[in-house]
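Each chain gets a letter, A, B and so on, in the order its sequence line appears, and its residues count up from 1.
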Amino acid sequence: MRNPLRSEAESFRFLIAVIVGAVVIVGAAYLNTWLGVAAAILAVAGIVWWLKDEPVPGAGEAPPRLDSATPAGTHRVLVVAASGTSSVHVNASATEIVVVVPALASTVEALTGAVDDRRAEAERTAAVLAQQLTRDGVRVRAEVGADDPVLAVDDALRTFGADEIAVAGDEELAEQIRGRATVPVSVV
Amino acid sequence: MATYSHAEPADHAHEEHPPEPHFSSRVSPSVLGMFLFIGSEIMLFGAFFTAYFFVRVVAGTAWPTPPFHLPIFVAFVNTCILVTSSFTMHWALQSVKRGNVFGLRAGLLLTFLMGLTFLVTQGREYSRVGFAPKDGAFATIFYCLTGLHGAHVFVGLSILLFMTIRAFRGHFSPEHHHGVEIGGIYWHFVDVMWIVVYMTVYIL
């Protein structure tokens, strides 16, 4: 939905729409009270429809792809796994592994902030995977990500950087990440 | 092995420069801020409108309660003044975008003067309307709704005063006029709220 107060020009247009709506309501109410009520409902619905239907400026543009360079001599693999994943396989060339488990929550849970259980599940999964991926000479770190997997990858790339991304068993998510990252993305 | 539940600063990633600022949210901070502002204003005015509709619809209080009368015509003239001030505000911003300094200054000055006229006229009507907030539910709601809006106009006028002074000091240019843009958004918002208040309090 478009924000009617995003800019002065848009808020001015919103004001004009409200004035037109007000004139229609007053005119209809002058003829008949219930006609005024109907006009009010239609005017409010019309303005909401207009704000909802009008495209948000810049919304259609693809976000810039993230370049996530790491220091020379490092081959950092970013592993993205859903809660409950018990094992993943990571390329032997990795010198560092960052495991990110998004704390996926339902819309209601996200809106009410009741995400503690989801975060706890994600933390458990992250700890299990970190344990499983630990081997000599490889530094492993694990963390809970945002409630949107693509956003969680965004965060991890900006915070840690990566040379390769391994997605645990989700081809659709891997495809979405390919559109955001410049590094190779594979499904493991 | 190191296990973390939250993101920690990278130890040796991005060694040449700090990582780009980022936020784990689906809404950008500026949009979220505006939504929170609109939400808080809707709740604030909504509380007063709820009281208004309760008094009129549920309690069945006559509006206006006899023997009082509402100054509908003066309020209409005031509405026209406030709506016109939005047009001059828009003119001011369009002028600064085109490098028209006279348009910017004249637009802001006219907007300020019209806003001031609105507020002074409203104050004058308060002194002549013949009832006080203590005179029943009708009078209380009338003063609360129009007074709450008047407080918003006062804030808008304060912003406009600074904008006008800055315009006359040459602080704004076609490239840098964010101060006019933000003040303009607020002023139009105040106008929209007045139209709603005017329609419910004076017309309905």
Show every donor-acceptor pair shorter than 3.5 Å between a side-chain atom in residues 62-78 of chain B and any protein atom, with sequence neighbours excluded, or say none if there are none.
unit_1   : atom_1 : unit_2    : atom_2 : d
Trp63(B) : NE1    : Val201(B) : O      : 2.9
Thr65(B) : OG1    : Ala62(B)  : O      : 2.9
Asn78(B) : ND2    : Phe118(B) : O      : 3.2

Cut-off 3.5 Å, no hydrogens considered: what does the side-chain donor-acceptor table look like for residues 53-61 of chain B, sequence neighbours left out?
unit_1   : atom_1 : unit_2    : atom_2 : d
Arg56(B) : NH1    : Tyr52(B)  : OH     : 2.7
Arg56(B) : NH1    : Leu204(B) : O      : 2.9
Arg56(B) : NH2    : Leu204(B) : O      : 3.3
Thr61(B) : OG1    : Val55(B)  : O      : 3.1

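Within residues 140-168 of chain B, no residue has any heavy atom under 4.5 Å from a heavy atom of chain A. Residues of residues 80-91 of chain B that come closer than 4.5 Å to chain A, counting heavy atoms only, are Val83(B), Ser86(B), Phe87(B), Met89(B), His90(B), ordered by residue number.
Contacts between Ala29(A) and chain B at a heavy-atom distance below 4.5 Å are absent for every atom of the residue. Residue Leu133(A) does not touch chain B at all, counting heavy-atom pairs closer than 4.5 Å.
Taking a 6.0 Å sphere around CZ of Arg135(A), one finds it holds more than 12 heavy atoms contributed by other residues, nucleotides or ligands. More than 12 heavy atoms of other residues, nucleotides or ligands lie within 6.0 Å of CG in Asn32(A), so this atom counts as buried by the packing criterion. Counting non-hydrogen atoms of other residues, nucleotides and ligands closer than 6.0 Å to NE2 of His89(A) gives a total of 12 or fewer.
The heavy-atom pair separating Ser7(A) from Glu181(B) by the smallest distance is CB-OE2, 3.2 Å.
The OH atom of Tyr30(A) sits 12.0 Å away from the CD1 atom of Ile203(B) when rounded to the nearest 0.5 Å.
The one candidate from Arg13(A), Glu10(A), Glu8(A) that meets the side chain to side chain contact (heavy atoms under 4.5 Å, CB included) condition with His188(B) is Glu8(A).
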Criterion side chain to side chain contact (heavy atoms under 4.5 Å, CB included) on Ile195(B) and Leu15(A), from CA distance to verdict: CA-CA 9 Å; Ile195(B) 289 167; Leu15(A) 171 69; 3.8 Å; yes
